[in-house]
Amino acid sequence: MNTLPPKTRFLPYCHVDLNYWCPRKDKGGGNREILRIGHAPSNRQVKGTQEILDVIKQLKINFEERFEFVLIENVDHEDAMRLYDSIDILIDQIYVGWYGGLAVEAMALGKPVLCYIRESDLRFIPQEMAQDLPVINVESNTLLTVLSSMIEMPREQLLELGRRSRSYVEKWHCPTKVVQQLIEGMNLK
């Protein structure tokens with residue numbers, strides 16, 4: 001929005017059916033000792049995948065038995081969904097400055113998301129949305145430290161981050177609510 005006309009308004013993603021993308025009670029971080037970290041690059045260069053893989057190699061030195069890394073790519077939708085369900089946290093990207101559609105889907109599943117958020121761009125979204133944002137802000141130079149702390153984090157704390165993520169999607173990315181914002185913004189009532 002830094003380059004768009006002044007009248008431009010932010011409109012959140014609204015592609016997630018909250019009845020389909022919902023946390024699975026029988027899966028997730030609370031039941032295992034090994035943290036499953038996922039990354040699903042649509043474009044490896046844009047998402048910073050090589051740097052993420054380099055950080056994962058470094059993590060293995062200290063935490064090899066405490067986490068698994070799941071690279072989700074080149075699979076069909078059904079397999080991707082199964083893999084999204086199986087992870088505990090998602091690394092979205094480390095370059096772009098905002099979260100994408102996959103991050104919304106992961107948050108809807110109750111997964112904490114790590115992603116680079118350009119803080120100066122938060123002025124383009126509603127202040128309350130910025131305050132509610134549960135995405136854990138990472139960059140290439142902070143990813144190792146953040147992931148290390150998440151591996152050591154109590155599972156209940158991870159589950160709470162997942163609950164906050166789901167609530168955020170319900171509040172800010174619900175298709176019905178976003179469409180209502182659009183109608184109000186265009187004075188279509």
Side-chain angles (χ1 to χ4, degrees), residues 12-13 15-18 20-32 34-60 63 66-118 132-140 142-153 155-173:
Y13 298 107
H15 69 286
V16 174
D17 178 343
L18 293 172
Y20 178 75
W21 292 91
C22 54
R24 310 305 193 255
K25 300 290 184 214
D26 59 334
K27 301 189 176 164
N31 301 328
R32 291 190 307 270
I34 297 175
L35 184 73
R36 292 192 58 148
I37 301 168
H39 176 61
S42 51
N43 180 315
R44 282 179 166 230
Q45 287 182 313
V46 170
K47 299 283 187 167
T49 300
Q50 188 55 58
E51 285 192 64
I52 292 167
L53 293 173
D54 292 344
V55 166
I56 294 300
K57 285 180 188 173
Q58 290 179 288
L59 266 182
K60 292 240 179 231
F63 299 104
R66 297 190 52 200
F67 81 96
E68 294 175 2
F69 181 70
V70 181
L71 185 61
I72 306 166
E73 62 182 350
N74 302 319
V75 296
D76 64 29
H77 177 74
E78 187 176 309
D79 287 339
M81 279 298 295
R82 183 181 50 75
L83 291 168
Y84 299 151
D85 276 343
S86 77
I87 63 173
D88 300 306
I89 62 174
L90 175 78
I91 305 168
D92 184 17
Q93 56 78 22
I94 58 172
Y95 293 149
V96 177
W98 193 245
Y99 61 90
L102 175 61
V104 175
E105 293 164 357
M107 288 188 286
L109 291 172
K111 313 294 181 179
V113 171
L114 282 65
C115 176
Y116 170 54
I117 300 292
R118 187 174 299 104
D132 290 347
L133 186 64
V135 172
I136 298 161
N137 197 356
V138 294
E139 297 179 56
S140 60
T142 61
L143 184 59
L144 179 63
T145 302
V146 171
L147 283 172
S148 297
S149 69
M150 293 190 82
I151 289 169
E152 294 182 327
M153 186 180 289
R155 290 295 182 225
E156 186 52 44
Q157 194 173 347
L158 279 174
L159 291 171
E160 179 55 32
L161 284 170
R163 286 189 285 272
R164 282 186 49 223
S165 296
R166 172 65 187 199
S167 293
Y168 178 82
V169 171
E170 290 172 353
K171 183 174 182 179
W172 295 104
H173 293 285

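Here, residue 1 is the first one in the sequence, and each next residue gets the next number.
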Subject >> Any residue meeting side-chain hydrogen bond (donor to acceptor under 3.5 Å, both in side chains) with Asp132, in chain and number order, not counting sequence neighbours >> reply: Lys171, Trp172
Subject >> Residues forming a salt bridge (charged side-chain N to carboxylate O under 4.0 Å, His left out) with Glu73, sequence neighbours excluded >> reply: Arg44
**OP:** Please list, chain by chain and in numerical order, all residues satisfying salt bridge (charged side-chain N to carboxylate O under 4.0 Å, His left out) with Glu152, sequence neighbours excluded.
**Re:** none
Subject >> side-chain hydrogen bond (donor to acceptor under 3.5 Å, both in side chains) partners for Thr49, two or more places apart >> reply: His39
Original post:
When you look at Leu147 and Val138, which way does the side chain to side chain contact (heavy atoms under 4.5 Å, CB included) test go after all the steps?
Top reply: CA-CA 9 Å; Leu147 283 172; Val138 294; over 6 Å; no
Subject >> side chain to side chain contact (heavy atoms under 4.5 Å, CB included) partners for Arg164, two or more places apart >> reply: Pro134, Glu160, Leu161
Original post:
Taking only residues two or more places apart in sequence, or in another chain, which ones meet Glu156 in a salt bridge (charged side-chain N to carboxylate O under 4.0 Å, His left out)?
Top reply: Arg163
**OP:** For Tyr84, enumerate each residue passing the ring pair (Phe, Tyr, Trp, His ring centres under 6.0 Å) test, keeping only those at least two apart in sequence or located in another chain.
**Re:** none
Original post:
What residues, two or more places apart in sequence or in another chain, satisfy side-chain hydrogen bond (donor to acceptor under 3.5 Å, both in side chains) together with Glu139?
Top reply: none
Going by atom type alone, with no hydrogens or angles, which donor-acceptor pairs under 3.5 Å involve a side-chain atom of residues 90-98 and a protein atom two or more places apart or on another chain?
unit_1: Asp92; atom_1: OD1; unit_2: Lys47; atom_2: NZ; d: 2.9
unit_1: Asp92; atom_1: OD2; unit_2: Gly100; atom_2: N; d: 3.0
unit_1: Gln93; atom_1: OE1; unit_2: Tyr95; atom_2: N; d: 2.6
unit_1: Gln93; atom_1: OE1; unit_2: Val96; atom_2: N; d: 2.6
unit_1: Gln93; atom_1: NE2; unit_2: Trp98; atom_2: O; d: 2.9
unit_1: Gln93; atom_1: NE2; unit_2: Tyr116; atom_2: O; d: 2.9
unit_1: Tyr95; atom_1: OH; unit_2: Glu51; atom_2: OE2; d: 2.2

**OP:** Begin from the C-alpha positions of Glu170 and Arg166 and carry the test salt bridge (Lys or Arg N to Asp or Glu O under 4.0 Å) through to its verdict.
**Re:** CA-CA 6 Å; Glu170 290 172 353; Arg166 172 65 187 199; 2.8 Å; yes
Original post:
Asp54: what forms a salt bridge (charged side-chain N to carboxylate O under 4.0 Å, His left out) with it, not counting sequence neighbours?
Top reply: none
Original post:
What residues, two or more places apart in sequence or in another chain, satisfy side chain to side chain contact (heavy atoms under 4.5 Å, CB included) together with Asn74?
Top reply: none
Subject >> For His173, all residues meeting ring pair (Phe, Tyr, Trp, His ring centres under 6.0 Å), sequence neighbours excluded >> reply: Tyr99, Tyr168
